[in-house]
Amino acid sequence: MSKIYVGNLPFSADETAVRDLFAQHGTVDSVALIMDRDTGRPRGFGFVEMPRADAARAIQSLNGHDMGGRPLKVNEAQDKPRGGGGGGGGGQRRW
DNA sequence: TCTGAGCGC
């Protein structure tokens with residue numbers, strides 16, 4: 001499973017739309033649109049979890065895909081740092 | 001209601 005960073009998303013886009021869009025290029029395990037925690041407004045980007053194989057295809061296929069009139073920016077997402085011992089500094093730990 | 005960088009609690 002790989003994480004995909006989706007940026008330049010239209011404010012009108014929903015998790016369902018993103019999921020369906022990525023589902024066309026592979027199996028979507030999970031979709032999460034990030035919203036501003038301060039104001040509650042959508043930041044315009046999100047994350048999609050897909051199998052590594054499908055993720056690679058989706059990234060290349062959906063990268064630049066026009067959604068809501070805006071070219072989506074799809075790229076491998078960084079691993080969210082977790083507290084507790086070492087860690088930090090990002091870096092995807094070998095699975 | 002509106003807005004537009006860019007990696008989530």
Side-chain angles (χ1 to χ4, degrees):
Chain A
M1 196 69 69
S2 297
K3 285 185 238 183
I4 305 172
Y5 164 81
V6 185
N8 203 37
L9 283 168
F11 298 102
S12 301
D14 294 342
E15 294 179 359
T16 303
V18 178
R19 184 185 180 95
D20 183 68
L21 185 66
F22 278 77
Q24 297 177 24
H25 297 274
T27 301
V28 179
D29 182 72
S30 175
V31 179
L33 295 185
I34 309 306
M35 293 195 186
D36 193 286
R37 182 171 58 85
D38 301 326
T39 63
R41 290 194 230 145
R43 277 182 175 253
F45 73 95
F47 291 92
V48 180
E49 294 181 68
M50 296 178 70
R52 189 171 125 1
D54 293 345
R57 301 303 307 171
I59 291 172
Q60 297 180 7
S61 299
L62 297 177
N63 186 23
H65 179 84
D66 185 80
M67 184 177 184
R70 292 183 181 273
L72 264 54
K73 288 188 180 180
V74 186
N75 208 353
E76 186 177 358
Q78 298 175 182
D79 188 2
K80 182 172 29 172
R82 292 294 290 284
Q92 186 171 350
R93 232 171 263 257
R94 75 169 191 266
W95 59 284

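Only a predicted model underlies this, so the values are computations on that prediction, with no experimental measurement involved. Letters A, B, ... are given to chains in the order of the sequence lines, protein chains preceding strands, and every chain is numbered from 1.
- Taking atom CZ of Phe45(A) as the reference point, atom C1' of dG8(B) lies 6 Å away to the nearest angstrom.
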Donor-acceptor pairs under 3.5 angstrom involving side-chain atoms of residues 17-31 of chain A: please list them, not counting sequence neighbours.
residue  : atom : partner  : partner atom : Å
Arg19(A) : NH2  : Val28(A) : O            : 3.2
Asp20(A) : OD2  : Gln24(A) : NE2          : 3.4

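- Atom OH in Tyr5(A) sits about 4 Å away from atom C1' in dG6(B), given to the nearest Å.
- Following rounding to the nearest Å, Lys73(A) (NZ) and dG6(B) (P) show an atom-to-atom distance of 8 Å.
- Judged by ring centres under 5.5 Å apart and planes tilted less than 30 degrees, Phe47(A) fails to stack against the six-membered base ring of dC7(B).
- Nearest-nucleotide positions on DNA chain B for Gly44(A) and Val31(A) put Gly44(A) closer to the 5' end.
- Taken to the nearest 0.5 Å, the CG atom of Asn75(A) stands 12.5 Å off from the CG atom of Leu62(A).
- Side chain of Asp36(A) to main chain of Asp38(A): a donor-acceptor pair is present (N/O by atom type, distance under 3.5 Å, no hydrogens or angles).
- Summarising the geometry, the separation between CE on Met35(A) and C1' on dT3(B) is reported as 14 Å, rounded to the nearest angstrom.
- Here the shortest heavy-atom pairing between Ile4(A) and Val74(A) reads CG2-CG1, 3.2 Å.
- The side chain of Pro10(A) has dG4(B) as its nearest neighbour among dG4(B), dC7(B), dG8(B).
- By the 4.5 Å heavy-atom criterion applied to side chains, Pro51(A) and Met1(A) are counted as neighbours.
- The distance from atom CG of Asn8(A) to atom C1' of dT3(B) is 13 Å, rounded to the nearest whole Å.
- Nucleic acid contact class of Ile4(A) (heavy atoms, under 4.0 Å, all strands): none.
- Rounding to whole angstrom units, CG of residue Asp38(A) and C1' of dA5(B) are separated by 14 Å.
- Annotated as syn: dG6(B), whose O4'-C1'-N torsion sits within 90° of 0.
- In this structure, the CZ atom of Arg41(A) is 10 Å from the P atom of dG4(B), given to the nearest Å.
- Atom-to-atom, NZ of Lys3(A) to P of dG8(B) comes out at 10 Å; the value is rounded to the nearest Å.
- Nucleotides of DNA chain B nearest to Asp36(A) and Arg70(A) differ in position, and the one nearer the 5' end is that of Arg70(A).
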